[in-house]
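Comments concern the structure below.
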Amino acid sequence: MRLSQFPLSTTKETPADAQVISHQLMLRAGYIRQLGSGLYTWLPIGLRTLTRIAAIVREEMNRAGALELLMPSVQPAELWQESGRWEQMGAEMLRFKDRHQNDFCLGPTHEEVICYHFRQDFRSYRQLPVNFYQIQTKFRDERRPRFGVMRSREFLMKDAYSFHMTAEDLHREYLNMREAYVRIFTRLGAEFRPVKADSGNIGGALSEEFHILAGSGEDLLAVAQGGTYAANVEAAETRPSGTPRAAATKSVEKVATPGQKTCEQVSKFMNVPLTGKVKLLVVKGADGGLVGIALRGDHQLNEIKAAKHPKVASPLTMAAPEDVLKVFGCEVGYLGPVNCPIPVVADYAAAEVADFVCGANENDHHLSGVNWGRDCAEPETADLRMIAEGDPSPDGVGTIKFYRGIEGGHIFQLGTKYTKAMNVSVLDAEGKAVTPEMGCYGIGVTRLVAAVIEQNHDANGIIWPDAIAPFRVIICPIGSDKSAAVKDAAETLYKDLLAAGIDVALDDRGNRPGSMFADAELIGIPHRIVIGDKGLANAQFEYKQRRAEKAEMIAATSAAVLERLSA
RNA sequence: CGGGGUGUAGCUCAGCUUGGUAGAGCGCUUGCUUCGGGAGCAAGAGGUCGCAGGUUCGAAUCCUGUCACCCCGACCA
């Protein structure tokens, strides 16, 4: 591509709205332009990279045996009413009516549509298993779009849906997809990590997320050092320590703690470590009443785990302060399990503390020297807290460290949740109707562009891995309007590289060297060839890898350049 | 949805407190010079001051409403 015919809208100044580096660089390098909140246009250079990533995804999905199709982004409400999600989905699903006043939505996902098509055309076990995928625009009306294309409302997603006669076959395909994802993320040149995940509203059993590791990531990951365990903190389980609780050594004392409401305040005020404090959170119960959740002072509630507890209402709802006052007769800052008027479920760690400090269920007072089983009932225990850095890995191998990640892909074993709801069935070998097992596998294609940039940039701009660069190499001729030798050398090299099938850009805009180099670095071209009279005098081109500290001189031949590119 | 902020030239922003007819830098156009790290000089083009009402002789500036965008939080297949 000749840059004289390929507009680059690069800017020196960083747009004010961009917070994260990938968003800033994508705007500065002219990859995207914002149209509205969470809506972005991909300019030609940005689209080249987006298309390359999509191509890698497509290749690996095909290699893994999945079949590409394309479903509409506009979907009729009937299908969503059938699965029950028309009511379940919140405002993130954009709904509207057509001219006949029929309800539609912009598809946030395609489980309903694929089930609809599958049940039309698939009647026999002989036709299974199948795995369909598409690369299609999705729309989710996020409450707060942010970070450019990292969390936008409209985005490009690869979504795949597989159907199976048995759970075992679903598991086989799940592992097949997992391998395909590992290949895809490896080819992107990204440092990534598959982690155990919560399957969220989509439901289903087994689920893993593929995260691109980056400090700006929105997700927190618990990764075992010295082990293999890795999970999204939302999904990371915690276990009882295995060592029995220490024996009680103190007796209960009531202590005046005026105005000391938080664990930190009480801990400081009474000079006890946070780990010696037990806090009681009050949430709505599954039976409509209230339930107390006991956590160690230094631990945080994991709302997803708590919501899954049979005694707790889902979704998790904290009790209103008025209701707490009514039931306990005190403010939320002074709650504890002693003489507690509601059922209590304790996190494993909280149940292991002896001689602890807790609220006295009386304003401005706490109790010290409290022990489970003696001063209050031995509680029901469960895994309710967020895993913490330094915790032992749940699988017993290694110690947990936190990383931040950007969710680039997610694979699920859905089971029969959607096939059942959508009345999908096929006949097995005995002629009996069977509800197929279903898996779904997503990759956020647009998000990956930003995620890879988060990992690959420097002060001058983006640094693309070869596989997804908009151009692999850029030729910068210096003074080509004055020097016929430079111009000829650049043209010859350009044509030779094109002939060799290399994605090459020739900067024939006649700009000064400084601005050529700045553009080439900002847009992230991985290889640069500079051609000038000085070098040509010695029959040399200058070659610089984007990531390299220094440029080097190579022979002024197309063959020498091709050799560098294949190295 | 709660809290906060911002809308002025293509971009980044000043001007608003204290009302008086629109500014800077970058970018763009033309000319000359320059040409290995975002050039210099000169001359230019370019704005319904988000929108709608109101106050006033007069509103970018004050008041009311509204829309959009951004940030923090909540939420998130």
Side-chain angles (χ1 to χ4, degrees), chain A residues 7-20 23-24 27-30 33-39 80 83 85 88-94 105-112 138-148 150-153 155 157 159 161 197-204 207 209 218-219 232 234 303-304 307 315-318 407 409-412 414 417-418 440-444 459-461 476-483 486 507 509-523 528-536 541-542 544 551 553:
Chain A
L8 292 180
S9 305
T10 56
T11 62
K12 262 188 282 191
E13 286 178 288
T14 302
D17 287 345
Q19 307 296 312
V20 296
H23 189 196
Q24 292 171 2
L27 288 168
R28 282 191 53 209
R33 288 290 179 256
Q34 181 170 12
L35 183 62
S37 181
L39 302 173
W80 290 80
S83 72
R85 287 208 289 181
Q88 268 174 36
M89 296 284 278
E92 72 267 19
M93 187 157 79
L94 180 59
C105 67
L106 272 186
T109 179
H110 281 72
E111 282 85 10
E112 280 79 358
K138 297 279 192 278
F139 190 92
R140 292 177 193 171
D141 198 353
E142 297 280 351
R143 288 188 184 183
R144 191 143 101 79
R146 57 183 135 180
F147 304 151
M150 200 104 91
R151 180 167 293 275
S152 53
R153 294 196 294 177
F155 56 97
M157 180 173 175
D159 48 326
Y161 307 91
D198 179 68
S199 49
N201 292 355
I202 199 164
S207 158
E209 293 167 347
E218 292 187 271
D219 287 286
N232 193 311
E234 293 176 346
E303 301 195 6
I304 292 170
L316 188 89
T317 318
M318 298 302 289
E407 183 186 348
H410 201 159
I411 56 178
F412 301 83
L414 296 175
K417 175 172 173 173
Y418 293 93
C440 96
Y441 320 93
I443 286 182
N460 295 326
C476 299
I478 292 179
S480 60
D481 53 334
K482 292 271 172 59
S483 166
V486 167
D507 195 343
R509 297 174 296 174
N511 285 351
R512 304 165 67 83
S515 94
M516 269 197 287
F517 299 158
D519 269 353
E521 283 159 6
L522 178 58
I523 64 180
R528 185 184 76 190
I529 302 293
V530 179
I531 300 177
D533 274 325
K534 274 193 258 171
L536 286 183
F541 292 155
E542 177 192 294
K544 184 174 178 300
M553 301 309 292

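Here is the naming used below: chain letters follow the sequence lines, and residue numbers restart at 1 for every chain.
- Taking the C1' atom of each, B:A60 and B:U6 are spaced 15 Å apart, rounded to whole Å.
- Closest to the side chain of A:Ser37, from the set B:C72, B:G27, B:C70, is B:C70.
- Considering only the side chain of A:Arg528, B:G37 comes nearest among B:G37, B:C70, B:C35.
- Of the candidates B:C26, B:C69, B:G73, the closest approach to any side-chain atom of A:Arg144 belongs to B:G73.
- With both ends at atom P, the span from B:G2 to B:U21 equals 41 Å, rounded to whole Å.
- On a pure distance criterion of 3.5 Å, a polar donor-acceptor pair joins the side chain of A:Arg151 and the base of B:C76.
- Spacing of C1' atoms, B:G40 relative to B:A59, comes out at 41 Å, to the nearest Å.
- Separating the P atom of B:G19 from that of B:C63 is a span of 12 Å, rounded to the nearest Å.
- Nearest nucleotide to the side chain of A:Arg512, out of B:U34, B:G38, B:G37: B:U34.
- One P atom belongs to B:G50, the other to B:A9, and the distance between them is 8 Å to the nearest Å.
- Of all nucleotides listed (B:C70, B:C71, B:U12), B:U12 comes nearest to the side chain of A:Glu13.
- Of the candidate nucleotides B:U12, B:G36, B:C71, B:U12 has the atom lying nearest to any side-chain atom of A:Pro15.
- Closest to the A:Glu542 side chain, of the nucleotides B:G37, B:G36, B:C69, is B:G36.
- Using modelled atom types and a 3.5 Å distance limit, the side chains of A:Thr109 and A:Glu111 yield a donor-acceptor pair.
- In the set B:G38, B:G73, B:G37, B:G38 carries the atom at the smallest distance from any side-chain atom of A:Asp519.
- Side-chain contact between A:Arg528 and A:Glu521 is present, with at least one heavy-atom pair separated by less than 4.5 Å.
- The side chain of A:Arg143 has B:A74 as its nearest neighbour among B:G37, B:A74, B:G36.
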